[in-house]
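The structure appears right after this line, and notes come after that.
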There are 2 protein chains.
Amino acid sequence: MSRSLDEKQFLENYDIHQYDVPLTSVDVVVFTIINEQVHVLINQRSDFPFKNKWATPGGFIDLKKDKSIDDTAKRKLKEKTGYDAPYLEQMGSIGNAKRDPRGWSVTVTYFALVNADNVTFGEDCKWCGLNDEGETGEKLAFDHNELIKDAFERLRNKAQYSTIVLHVLPEKFTLSELQNSYEIILGGKLNKAGFRRRILKANVIEELEGESKQTATRTAQLYRKVDDEEVHFYMREIYAR
Amino acid sequence: MSRSLDEKQFLENYDIHQYDVPLTSVDVVVFTIINEQVHVLINQRSDFPFKNKWATPGGFIDLKKDKSIDDTAKRKLKEKTGYDAPYLEQMGSIGNAKRDPRGWSVTVTYFALVNADNVTFGEDCKWCGLNDEGETGEKLAFDHNELIKDAFERLRNKAQYSTIVLHVLPEKFTLSELQNSYEIILGGKLNKAGFRRRILKANVIEELEGESKQTATRTAQLYRKVDDEEVHFYMREIYAR
DNA sequence: CTAATAGTGTCTCTTAGACAATATATT
DNA sequence: AATATATTGTCTAAGAGACACTATTAG
């Protein structure tokens with residue numbers, strides 16, 4: 001009894017402001033494909049530090065609005081892009097004394113995959129192309145160049161053994177378009193017959209009966225993602241050559 | 001010029017104590033194998049909240065001592081076990097308003113794999129066996145039952161396609177002992193010939209020439225881990241039956 | 001008809017799983 | 001010699017890579 005009274009008392013008197021605590025934030029690396037190239041979304045900072053510099057979308061947890069850290073990531077993404085439920089996955093956390101000039105900082109990082117046509121944003125955001133090493137060519141705020149590079153590596157890695165790439169495609173797409181997206185992300189060519197076998201066996205897409213797309217030469221069958229939001233994982237990896 | 005002066009001023013006046021921030025901590029799930037069973041290390045809490053309850057080792061970042069979040073995890077592990085550089089990997093972060101009675105809390109979670117013989121600890125720590133579902137049978141502090149369950153799932157998953165299990169073995173071991181450890185973690189039997197082919201091809205262990213171990217019947221060749229601290233990833237998963 | 005891309009058939013290669021044969025200590 | 005476990009050999013199966021063949025549509 002007295003122990004739980006003690007605990008009650010402890011909690012009533014607890015004040016986090018008495019302690020030296022780190023800054024804790026969230027960052028989201030949003031990937032898409034535009035003009036046969038991987039792009040990430042960057043956002044121009046409106047406040048210090050790094051005011052007016054470009055950075056990945058993110059910010060602090062709102063202890064009132066956000067029920068969980070995933071909520072924070074979703075909220076930030078929605079605020080910047082008006083986009084609601086794309087593929088969003090927690091990637092990891094970076095925390096050290098140097099990354100933020102304000103002091104010791106921890107950021108929980110996420111990465112998202114979106115179809116560019118579904119995203120709208122204002123003057124403070126833009127898409128930024130990545131080279132084969134995951135580099136933007138711009139000097140971003142904080143350690144965000146590094147962050148994007150790591151996220152790109154993770155994306156490329158995961159594309160080797162999952163159906164994750166589906167999320168950059170529009171509602172309807174052909175198998176050639178899907179393969180092309182894989183090739184852009186993986187940075188090499190895939191075997192056509194093998195790719196088709198693999199993706200069809202995974203049961204993550206379905207034919208749109210009677211719907212086909214005009215290409216430069218003959219028509220191609222259109223497909224869509226199966227309702228099920230899950231990512232399929234293969235037992236073997238593929239290699240792009 | 002004036003912009004950077006502004007930023008300098010901003011940083012001089014910045015005080016995190018003016019903001020509503022979450023608690024940010026680190027938790028480490030330490031796995032080992034004892035008596036043919038997976039165990040995790042738990043620690044009896046000395047302070048509120050959940051005073052005297054058992055929990056995974058962890059705690060707050062020390063902004064003075066810790067240069068990075070990995071340092072925090074290593075320090076906590078060292079404090080509890082006297083053990084310095086086992087296999088330690090960041091797993092992910094859990095953050096929500098409910099998990100800590102003190103308020104909004106984020107914890108960066110790690111998992112470690114150790115050989116039990118290398119670990120020493122006092123009265124405030126103990127090993128706790130896990131069942132096939134990753135359950136301890138004890139009611140732990142915070143959401144740590146859930147945390148251990150998730151970590152166990154991750155461990156089991158990773159054992160299917162990596163050499164991670166090597167880290168629970170002592171300096172010298174036989175292939176049968178290694179296979180046995182995999183089987184305990186995976187919760188099923190593996191094919192002997194296939195297992196040996198796979199592990200030997202990965203070049204992560206080497207024969208100790210002339211050294212063998214007496215078993216109940218014939219002797220078995222002893223092996224050790226190759227210096228290289230890296231974990232090897234296979235291109236295909238294995239299944240325990 | 002020709003060009004170009006869509007779509008398929010089939011052979012090979014790698015590696016895991018099954019299963020059994022052989023090797024070697026201990027008793 | 002009998003037993004039990006260590007160690008190896010070999011066949012099968014699944015799935016990826018290579019490559020070529022067929023199908024279809026615009027021009």
Side-chain angles (χ1 to χ4, degrees), chain A residues 36 157 159-163 165 169 172-183 186-223 232-241, chain B residues 36 157-163 165 169 172-183 186-224 232-241:
Chain A
E36 312 264 300
N157 193 260
Q160 284 180 356
Y161 59 87
S162 79
T163 55
V165 174
L169 291 154
K172 302 175 180 186
F173 52 88
T174 68
L175 288 184
S176 295
E177 288 165 348
L178 180 55
Q179 180 172 349
N180 189 237
S181 295
Y182 265 93
E183 290 172 343
L186 292 172
K189 288 288 172 194
L190 293 172
N191 175 262
K192 185 161 57 170
F195 177 78
R196 281 163 188 245
R197 258 194 323 252
R198 188 169 152 116
I199 197 79
L200 290 173
K201 189 138 188 239
N203 284 320
V204 289
I205 59 174
E206 61 191 5
E207 261 187 37
L208 285 158
E209 275 184 55
E211 295 192 59
S212 54
K213 180 171 182 175
Q214 219 63 258
T215 71
T217 55
R218 61 177 282 193
T219 58
Q221 176 64 49
L222 279 170
Y223 289 80
H232 176 85
F233 295 99
Y234 298 99
M235 300 295 94
R236 277 175 77 171
E237 297 189 4
I238 48 171
Y239 311 89
R241 312 250 158 224
Chain B
E36 312 265 300
N157 194 261
K158 206 151 179 175
Q160 284 179 357
Y161 60 85
S162 81
T163 56
V165 174
L169 291 154
K172 301 175 180 188
F173 53 87
T174 68
L175 288 184
S176 295
E177 287 165 348
L178 180 55
Q179 181 172 349
N180 190 236
S181 296
Y182 265 93
E183 289 173 343
L186 292 172
K189 289 287 171 194
L190 293 172
N191 174 262
K192 188 158 54 171
F195 177 77
R196 281 165 188 246
R197 257 195 322 254
R198 189 169 151 115
I199 196 80
L200 290 174
K201 192 140 187 236
N203 285 318
V204 289
I205 59 175
E206 59 191 6
E207 262 186 37
L208 285 158
E209 275 185 54
E211 294 191 59
S212 54
K213 180 172 182 173
Q214 219 63 259
T215 71
T217 56
R218 61 176 283 192
T219 59
Q221 176 64 49
L222 279 169
Y223 289 80
R224 72 168 166 212
H232 177 87
F233 296 99
Y234 298 99
M235 298 296 95
R236 277 174 78 171
E237 296 189 5
I238 49 170
Y239 310 90
R241 311 254 158 222

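Protein chains get the first letters and strands the later ones, always in sequence-line order, with residue 1 at the start of each.
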- Message: Can you pull out the residues from residues 198-212 of chain B that lie within a 4.0 Å heavy-atom distance of DNA chain C?
- Response: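 Those residues are B:Arg198, B:Lys201.
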- Query: With B:Glu207, which residues qualify under salt bridge (charged side-chain N to carboxylate O under 4.0 Å, His left out), at least two apart?
  - Reply: none
- Item | For B:Lys201, salt bridge (charged side-chain N to carboxylate O under 4.0 Å, His left out) partners two or more places apart |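 Expected list: none.
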Using atom [atom1] of [X] as one end and atom [atom2] of [N] as the other, report the distance to the nearest whole Å.
| X | N | atom1 | atom2 | answer |
| --- | --- | --- | --- | --- |
| A:Lys213 | C:dT5 | NZ | C1' | 13 Å |
| A:Glu177 | C:dG7 | CD | P | 11 Å |
| A:Asn180 | C:dT5 | CG | P | 12 Å |
| B:Phe233 | C:dT15 | CZ | C1' | 19 Å |
| A:Glu183 | D:dG17 | CD | C1' | 14 Å |
| B:Gln221 | D:dA6 | CD | C1' | 11 Å |
| B:Phe173 | D:dA6 | CZ | P | 15 Å |
| A:Arg196 | C:dT10 | CZ | P | 17 Å |

- Message: For a quick check, with a 4.0 angstrom heavy-atom cut-off, what is the B/S/- contact string for nucleotides 18-27 of chain C, read 5' to 3'?
- Response: BB---BBBS-
Contacts of [X] that satisfy side chain to side chain contact (heavy atoms under 4.5 Å, CB included) - sequence neighbours left out:
| X | result |
| --- | --- |
| B:Ser181 | B:Ile33, B:Val165, B:Val168, B:Leu169 |
| A:Tyr239 | A:Arg241, B:Met235 |
| A:Gln160 | A:Asn157, A:Leu186, A:Glu237 |

- Message: Which nucleotide wins on minimum distance to the side chain of B:Tyr234, given the candidates C:dA16, D:dG17, D:dA6?
- Response: C:dA16
- Query: What is the minimum heavy-atom distance between A:Ala220 and A:Thr174, and which atoms define it?
  - Reply: CB-CG2, 3.7 Å
- Query: Which heavy atom of A:Leu190 sits nearest a heavy atom of A:Gln179, and at what distance?
  - Reply: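 That would be O-NE2, 3.0 Å.
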- Item | With sequence neighbours excluded, residues passing ring pair (Phe, Tyr, Trp, His ring centres under 6.0 Å) with B:Tyr182 |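 Partners of B:Tyr182 by the ring pair (Phe, Tyr, Trp, His ring centres under 6.0 Å) criterion, ordered by chain and then number, come out as B:Phe195.
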- Message: Can you tell me whether the side chain of A:Arg236 and the base of D:dG15 have a donor-acceptor pair closer than 3.5 Å?
- Response: yes
- B:Lys213: what forms a side chain to side chain donor-acceptor pair (under 3.5 Å) with it, not counting sequence neighbours?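 Counting only residues at least two positions away or on another chain, B:Lys213 forms a side chain to side chain donor-acceptor pair (under 3.5 Å) with B:Glu177.
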- If you look at every strand shown and take non-hydrogen atoms under 4.0 Å, does A:Tyr239 touch a base, only sugar-phosphate, or nothing?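 Sugar-phosphate: the residue A:Tyr239, judged by heavy atoms under 4.0 Å, touches backbone atoms but no base.
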